[in-house]
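Note sheet for the following structure.
Here is how names work: the chains are called A, B, and so on, in the same order as the sequence lines, proteins then strands, and each is numbered from 1. Below, all heavy atoms of this structure are taken into account, side chains as well, without hydrogens, waters or symmetry copies.
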Amino acid sequence: MYRTHHCNQLRKADIGTTAMLAGWVHVRRDHGGVIFIDLRDREGLTQVVFRPEENAEVAAQAHHLRSEDVIEVEGRISARLPGTENPKLPTGDIEILPDKLRVLNRADVLPFPLDAEVSNEDLRLSYRYFDLRRPQMTRNLRLRHRVTKATRDFLDEKGFVEIETPILSKSTPEGARDFLVPSRLIKGKFYALPQAPQQYKQLLMVGGIEKYFQIAKCFRDEDLRADRQPEFTQIDIEASFVTPDDIFLLVEGLLAALFRAGRGVEVPTPFPRLTHAQAMDEYGSDKPDRRFAMHLTDLGEIFQASAFKMFRGALDAGGAVKAINAKGFASLTIGQSDELTAMAKHYGAKGLAFIKVENGEWKSPIVKFFSDAEKEALRSKLLVEEGDLILFAADKWDVVCEVLGRLRTRIAEMQKLTAGSDQLDFLWVTDFPLMAFSAEENKWNAVHHPFTRPKAEDIDKLEAQNYREVRAEAYDVVLNGVELGGGSIRIHEPDLQAKIFAALGVSEEDQETLFGHLLRAFRLGAPPHGGIALGLDRIVMLICGEESIREVIAFPKNNRGIDLMSHSPTAVDARQLRDLGISLTGEKPV
RNA sequence: GGAGUCUUAGCUCAAUUGGUUAGAGCGCCGCCCUGUCACGGCGGAGGUUGCGGGUUCGAGCCCCGUAGACUCCGCCA
């Protein structure tokens, strides 16, 4: 036995009893005579006092303790001397006076301090096992556990069954780049790690499971971001005989339960809904952050017959003129202005027209082209006031929305509009387009995935090959401008599925080799079904108030997919490659 | 693949316009210290300023290249 109590347990009532504690030396205060140690375990701190007159031998031993040594102490729980109680600690009324001290493990000089902010993430990841001792990391991981458990409890309660699906699965060309795993038994062939358990969960529906979920590890071999790791965890859900409303209700309840468990807040439900078209039109984003307004305002009516060629021309060509009003941002710096202009051009605008409202004056190179009526219309429509910055875009509708949407979020960052906010703005974005044309590949691709069901009222447009107009029974759930997850109602009819594959340019031969099992399953009594996948890492990140999912993953990889602690990936033994029938081309590993 | 920011002691940072021997706090080592809780006091060690080149009488600072980290774009059905 190492301990009888943890380090956040002993109180006044325990005075006079004996206890054993074990943990890490958090801080030592060695007065030459008396020595104080704050002993830490995951629950808290308890002060340990070594006094030479009580036990000279143990006190002598204690002089050699250093930060982060792991020790075990046994002794009497004593009241602190009157006036030396520490009200900052729950255990601040007592201390332990050990008559036994056992050093379980000594710590070398620490690579970095645990009680201070360390900005060198590289270093933290190299010593991740050490970094995890920081209270914030411990809190994040324990909170992640609460959220995961709440997921299981909630879905279990709703009758969902957790089922594991294969990690060694099959590569499909659609979607993200696969991680491949060579097969030894069948040389020259490869498994793929799942990008998502998509096909398996649909096949479970054909298998009559009706309500499935999984805390599923997913793998995508794409470039990393603050909120993207090559392996990540999804709360994967699928159900039979459901409509989108059934999924919305379930997920709203689930997310409310998770935020209750993780953050102790009540999330109002149901969540507001926006169609994809509305979201793009009003916010220029399919995952709008609505904690600030700055709506994209359509100015088509105002400039229909304008003398200003840039606006008039865009409208005559069937495009749009829109603007956002960045309230109080007329005072932006030259640098910020340059950045916004560069951004606008990067997303396809020819330039960035603006009006600064300063000292009652509209400062702008374009305002001289506006009639008085146009100015008045602008003022009332955009609620223009002193100090505002109005930014315009005139182009094709989708370019205008994209440009202003990007500017909108960047300006909000510059103005720190959401800094320190604890607001939780959940919403559904529905009616995504089913397909998007890829100019690069000169073909239509699935926006969500190829199993997504077109909306019934758009089937005729599908038949007419008017793909641009076809909307999907697909939906995303968004929180504060972050996509938490997305899903859809699936296709369960083999002929419709074949039609979609054809539209996506999947040959009949490929349909058979890649998806034959699914198409056959759809001929053996497949129930209508649909589901969703939620990014667990992102949910936990937002609950924790972190800005990177690396802060809520025990052993994450860095920007280049390297585990700095274990140094994976690594080269492998020539013999391992031979067993797999693999030979490397000339490129030397770094 | 591209863009931006950054890289000075173990950690967090400083170093005026390009100018003496690159500093501070924390940590580390030694000595002292019996009621602290960021304990305190005295002393000490610790630097190829990421690396390579260039400009200059002189470079941590300017220029070029390169490596790495992070953020973003592309990519992520």
| request: Please tell me which of A/Gly83 and A/Glu547 maps to the more 5' nucleotide of RNA chain B, matching each residue to the nucleotide holding its nearest heavy atom. | output: A/Gly83
| Over how many whole Å does the gap from A/Glu117 atom CD to B/C26 atom C1' extend? | 15 Å
| field | Any A/Ser548 side-chain N or O less than 4.0 Å from OP1/OP2 of B/C70 | value | no
| Counting only N and O atoms by type, is there a donor-acceptor contact under 3.5 Å from the side chain of A/Asp69 to the main-chain atoms of A/Arg66? | yes
| task | Sticking with atom P, work out how far B/G18 lies from B/G60, rounded to a whole angstrom. | result | 13 Å
| In whole Å, what separates the C1' atom of B/G65 from that of B/C75? | 28 Å
| task | Between B/G27 and B/U12, how far apart are the P atoms? Round to whole Å, please. | result | 15 Å
| request: State whether the side chain of A/Gln195 and the backbone N or O of A/Cys218 hold a donor-acceptor pair below 3.5 Å, judged by distance alone. | output: no
| task | Scan side-chain atoms only and decide if A/Tyr212 and A/Asp236 contain a donor-acceptor pair under the 3.5 Å cut-off. | result | yes
| task | Ignoring backbone atoms, establish whether A/Arg29 has a side-chain N or O less than 4.0 Å from OP1 or OP2 of B/A38. | result | no
| If you measure only the distance, is there a donor-acceptor pair under 3.5 Å linking the side chains of A/Gln214 and A/Thr165? | yes
| remark: RNA chain B nearest-nucleotide lookup for A/Val27 and A/Pro111: closer to the 5′ end is A/Pro111
| query | What interatomic distance, in whole Å, is found between C1' of B/A14 and the corresponding atom of B/A9? | reply | 13 Å
| query | Applying a 3.5 Å limit to both distances, which nucleotide forms a Watson-Crick or G-U wobble pair with B/U5? | reply | B/A69
| B/A67 and B/A24: how far apart are their P atoms, nearest whole angstrom? | 36 Å
| query | A/His31 stacking on B/C39: centroids under 5.5 Å, ring planes under 30°? | reply | yes
| message | Suppose you measure atom P in B/G44 against the same atom in B/A3; what distance do you get, rounded to whole Å? | response | 50 Å
| field | Phosphate OP1/OP2 of B/C28 contacted by A/Arg28 side-chain N/O (<4.0 Å) | value | yes
| request: May I have the step-by-step check of side-chain hydrogen bond (donor to acceptor under 3.5 Å, both in side chains) for A/Asn140 and A/Glu546, ending in yes or no? | output: CA-CA 9 Å; A/Asn140 288 357; A/Glu546 294 286 1; 2.9 Å; yes
| said: Under 3.5 Å for both donor-acceptor distances, Watson-Crick or wobble: does B/C29 have a partner, and if so which one? | reply: B/G43
| query | Aromatic rings A/Phe515 and A/Phe501: how do their planes relate, parallel, tilted or perpendicular, breaks at 30° and 60°? | reply | parallel
| What's the CD1-P distance between A/Ile549 and B/C70, to the nearest Å? | 13 Å
| Euclidean distance, atom CD1 of residue A/Ile35 to atom P of B/C37 [Å, nearest integer] | 16 Å
| said: Any donor-acceptor pair, under 3.5 Å, between the side chain of A/Glu85 and the base of B/G35, if you only look at N and O atoms? | reply: no
| field | Length of the CZ-P vector between A/Phe232 and B/C75, whole Å | value | 17 Å
| Rounding to a whole Å, what distance do you find between A/Asp115:CG and B/C26:P? | 12 Å
| For A/Asn120, which contact category applies under a 4.0 Å heavy-atom criterion: base, sugar-phosphate, or nothing? | sugar-phosphate
| message | Could you tell me the Watson-Crick or G-U partner of B/C37, where both distances fall under 3.5 Å? Say none if there is no partner. | response | none
| task | Calculate the interatomic distance between A/Arg225 atom CZ and B/G4 atom C1'; express it in whole Å. | result | 13 Å
| According to the Watson-Crick and G-U wobble definitions, with both distances under 3.5 Å, which nucleotide is paired to B/A15? | none
| field | Rounded distance in Å between the P positions of B/U21 and B/G54 | value | 22 Å
| Does A/Arg228 put a side-chain nitrogen or oxygen below 4.0 Å from OP1 or OP2 of B/C73? | no
| message | Quick check, does A/Phe112 stack with B/C11? I mean ring centres under 5.5 Å and planes off by under 30°. | response | no
| request: Give a yes/no on whether any side-chain N or O of A/Thr84 is located under 4.0 angstrom from OP1 or OP2 of B/U36. | output: no
| query | At under 4.0 Å, does any side-chain N or O of A/Asn86 touch on OP1 or OP2 of B/U36? | reply | no
| For B/C73, does either OP1 or OP2 sit under 4.0 Å from a side-chain N or O belonging to A/Arg406? | yes
| message | Counting the atoms with a prime plus P, OP1 and OP2 as sugar-phosphate, which does A/Phe219 contact under 4.0 Å by heavy atoms, base, sugar-phosphate, or nothing? | response | nothing
| request: For the side chain of A/Pro52, starting at C-beta, report the closest nucleotide among B/U12, B/U34, B/A38. | output: B/U34
| How far does the P atom of B/G52 sit from the matching atom of B/C13, given to the nearest Å? | 25 Å
| query | Paired with B/C62: which nucleotide, if any, by Watson-Crick or G-U wobble criteria at under 3.5 Å for both distances? | reply | B/G54
